[in-house]
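Every chain is numbered from 1 and lettered A, B, ... according to where its sequence line falls, protein lines coming before strand lines.
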2 protein chains.
Amino acid sequence: MKYIEKLRNSGLRPTKQRLQICEILFETKKTFHFTINDLAIKIKDQTKNKISLATIYNTVHAFEKKGYLKQIPINSSQTYFDTNTTEHHHFYDLKEEKLIDLENCDVGPINIKKKIDGKKIKSVEVLVKLGD
Amino acid sequence: MKYIEKLRNSGLRPTKQRLQICEILFETKKTFHFTINDLAIKIKDQTKNKISLATIYNTVHAFEKKGYLKQIPINSSQTYFDTNTTEHHHFYDLKEEKLIDLENCDVGPINIKKKIDGKKIKSVEVLVKLGD
DNA sequence: GTTGTAGTTTATAATGATTCTAAAAAGGTG
DNA sequence: CACCTTTTTAGAATCATTATAAACTACAAC
Ligand SMILES: [Mn+2]
Ligand SMILES: [Mn+2]
Ligand SMILES: [Zn+2]
Ligand SMILES: [Zn+2]
């Protein structure tokens, strides 16, 4: 019910599909990282009615544009998204291909001293690759 | 000539194709960022004989594995590589889709306080996204 | 409630970067 | 040269993602 308002306030119609995806993405204490494929599997498991793959892509991109999801820059064949949209950083376990959150306090403040004329800093993201 | 030794010492046969790609990638004062497509265009422009796309992919991956190139984690449809293999960071201009080097001194030391059992830090990379 | 309209979903096709295949060519060693 | 291994190559295959366009739906106006 709360998602109906959230979606309306964002200019997105609260469709059955979007509400179901909201439940899966945001109805949880812990935030998490996922690919479109991960999400499609979750939807199939946790939902009676099928949602087409195109709709999953559409919805994730709509939510990302509204700022409810973040894309994580990483070299992988699939795009990773994060339900934690606060500024924070990541470990990337190269063997497991898993992301792990780093709180901002785990990294300390990052001070970018260089400036580019006419450009503003939109985000600062740290990726720490892990091997064994 | 110097690349013949470099390749042999790496266990790679110094073929005509690899030597030509070495010239384009490493025979320059400044390091630079490129995609496979960028490189293919450069090869076509600066070289008489054609090199097949498969060979360009093979060669770039071989050089990356040997540590002569680095992949830059970024969300783009194409993979970006860097001829600067020292640890350094990047601005990413979202509009121009261009990478700009940040020297280590432009960012300051990054202190990762969190540890994961049995895992070693392989790299620490900062990506600063720029808008206007 | 009916109607009209823009927004949304969907199956399916298209795209495009990357990887695979397997046959031909080239490097290197004796 | 003869032999064996590595490399190159054209073309096919893969697969995540995006585009298409027709059917469906939310919802506001009447
Ligand atoms: Mn995307
Ligand atoms: Mn690659
Ligand atoms: Zn995260
Ligand atoms: Zn660089």
**Study point:** Residue-phosphate contact under 4.0 Å: K16(B) side-chain N/O, dT8(D) OP1/OP2
**Key:** no
Point to revise | ILVMFWY network linking Y92(B) to I116(A), side-chain heavy atoms under 4.5 angstrom | key: no
Review point. Looking at the side chain of Y57(A), which of dA26(D), dT17(D), dT9(C) is the nearest nucleotide?
Key: dT17(D)
Exercise for review: Could you state the atom-to-atom distance from CD of E5(B) to P of dG27(C) in whole Å?
Suggested key: 16 Å
Study note, to complete from the structure: By nearest-heavy-atom nucleotide on DNA chain C, the more 5' of T59(A) and N37(B) is T59(A)
Check your understanding: Which of the following nucleotides, dT18(D), dT10(C), dA11(C), is nearest to the side chain of N58(A)?
Key -> dT10(C)
**Study point:** Short side-chain N/O contact from H61(B) to OP1 or OP2 of dT18(C), under 4.0 Å
**Key:** no
Exercise for review: Check the distance between dC20(C)'s P and I56(B)'s CD1 and give it to me in whole angstrom.
Suggested key: 18 Å
Check your understanding: Given the rule in the side-chain contact (heavy atoms from CB on, under 4.5 Å) test, do T83(A) and L69(A) qualify, once you have shown the distances and angles that lead to the verdict?
Key -> CA-CA 5 Å; T83(A) 64; L69(A) 290 173; 3.9 Å; yes
Point to revise | side-chain contact (heavy atoms from CB on, under 4.5 Å) between I24(B) and T47(B), worked out | key: CA-CA 10 Å; I24(B) 290 173; T47(B) 297; 4.3 Å; yes
Check your understanding: Does OP1 or OP2 of dT7(D) have a side-chain N or O of R18(B) closer than 4.0 Å?
Key -> yes
Check your understanding: Reckon T15(B) has a side-chain N or O less than 4.0 Å from the OP1 or OP2 of dT6(D)?
Key -> no
Point to revise | More than 12 heavy atoms of other groups within 6.0 Å of K113(A) NZ | key: yes
Review point. Among dA10(D), dT10(C), dA26(D), which is the nearest nucleotide to the side chain of R13(A)?
Key: dA26(D)
Check your understanding: Looking at the side chain of I36(A), which of dC27(D), dT17(D), dG27(C) is the nearest nucleotide?
Key -> dT17(D)
Practice item. Starting from the C-alpha separation in whole Å, work towards a yes-or-no answer on side-chain contact (heavy atoms from CB on, under 4.5 Å) for F32(A) and L25(A). Key: CA-CA 8 Å; F32(A) 60 96; L25(A) 293 180; 4.0 Å; yes
Practice item. Round to the nearest Å and state the distance from L53(A) atom CG to dT15(C) atom C1'. Key: 15 Å
Check your understanding: Within less than 4.0 Å of OP1 or OP2 of dT10(C), is there a side-chain N or O belonging to T55(A)?
Key -> yes
Point to revise | Separation of atom CD1 in I74(B) from atom C1' in dA17(C), rounded to whole Å | key: 16 Å
Exercise for review: For the side chain of A54(A), starting at C-beta, report the closest nucleotide among dT17(D), dT6(D), dA11(C).
Suggested key: dA11(C)
Point to revise | Any R8(B) side-chain nitrogen or oxygen under 4.0 Å from OP1 or OP2 of dG27(C) | key: no
**Study point:** Closest to the T79(A) side chain, choosing from dT17(D), dG27(C), dA17(C)
**Key:** dT17(D)
Check your understanding: What is the distance from CG of D38(A) to C1' of dA16(D), rounded to the nearest Å?
Key -> 13 Å
Check your understanding: Expressed in angstrom and rounded to an integer, what is the separation of F63(B) atom CZ from dT7(D) atom P?
Key -> 11 Å
Point to revise | E103(A) bridged to K114(B) by N-O distance under 4.0 Å | key: no
Study note, to complete from the structure: L7(A) atom CG is separated from dT8(C) atom C1', nearest whole Å, by 13 Å
Check your understanding: If only side-chain N and O atoms of Q17(A) are considered, is one of them under 4.0 Å from the OP1 or OP2 phosphate oxygen of dT25(D)?
Key -> no
Review point. I43(A) CD1 to dT10(C) C1': how many Å, rounded?
Key: 14 Å
